[in-house]
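Both counts, for ligands and for their atoms, begin at 1 and track the order of listing.
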Amino acid sequence: MIFELPMLRYEKDALEPYISAQTMELHYEKLFRFHVNCFNRLTDDFQVVNTNLSAIIKKFAKQNSVLYYTAAQVLNHMLYFGQLSPTPKITPEGNLLSTINKSFGSIGEFKHKFDKAVISFIGSGNTWLSQKEDGTLIITQEANAGNPITKNYKPLLICDVWEHAYYFDYPCRKADYVSSFWNILDWAVIEKRFDY
Ligand code: MN
């Protein structure tokens, strides 16, 4: 079973000046490919025939196995790189916007809370916006490869807060990284994840 490295919708230098080509080379080309290669090896080792990432993550999360960790790394990076664009839709509309307003007050208050979550994150992991089973939205910080689907949340938006995501471009400046992040986040993708 071969899982292919998901293609980018943009060139590796297209997110500059917000994310450099060097960071993309390290983060997408080397690290993401490494996780995909590990995942392919592990699905053989674990004799996994169905490579549905969400199903594997849910099934193996309790055991905290290397297969769980690697499947989550692959899914997390798919969601991260898949939502970025050099020509993004810069603000959400429709159902997603009204649900953000209901959950956080306004898009501005949501971004403010999300920024605070990213900046206060200690260690490696990701900050997420997800939808709970009752339909409301929640911001969570998940350490390491953690993914909100293990809490039965639907992941909508991810900010990679591992140092490899920002340290080259924003050394010791996590606040600048998250403020740049909003300039390349394509809300059209987040709307599709929400409505799916
Ligand atoms: Mn990463």
Chemist: Please determine, by modelled atom types, if Asn76 and His35 share a side-chain donor-acceptor pair under 3.5 angstrom.
Modeler: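 Their side chains do not contain a donor-acceptor pair, so the 3.5 Å distance test is not met.
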
Chemist: With sequence neighbours left out, write down each residue that passes side chain to side chain donor-acceptor pair (under 3.5 Å) with Tyr153, or none if nothing qualifies.
Modeler: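 Here no residue qualifies.
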
Chemist: Strictly by side chain to side chain donor-acceptor pair (under 3.5 Å), give each pair with a member in residues 91-100 just once, sequence neighbours left out.
Modeler: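 Pairs touching residues 91-100 that pass the test: Lys89-Glu93.
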
Chemist: Could you check, using the six-membered ring where one of them is a Trp, whether Phe114 and Trp182 have ring centers closer than 6.0 angstrom?
Modeler: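 Here the rings of Trp182 and Phe114 have centres that are less than 6.0 Å from each other.
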
Chemist: Looking just at side-chain N and O atoms, do Asp169 and Thr23 make a donor-acceptor pair shorter than 3.5 Å?
Modeler: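 Yes.
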
Chemist: Quick one: side chain to side chain donor-acceptor pair (under 3.5 Å) partners of Tyr18, sequence neighbours excluded?
Modeler: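 Applying side chain to side chain donor-acceptor pair (under 3.5 Å) to Tyr18 gives none.
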
Chemist: Tell me how many protein N, O or S atoms are within a distance shorter than 2.8 Å of the Mn ion (ligand 1).
Modeler: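 If we list every protein N, O or S atom nearer than 2.8 Å to the Mn ion (ligand 1), we get 4.
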
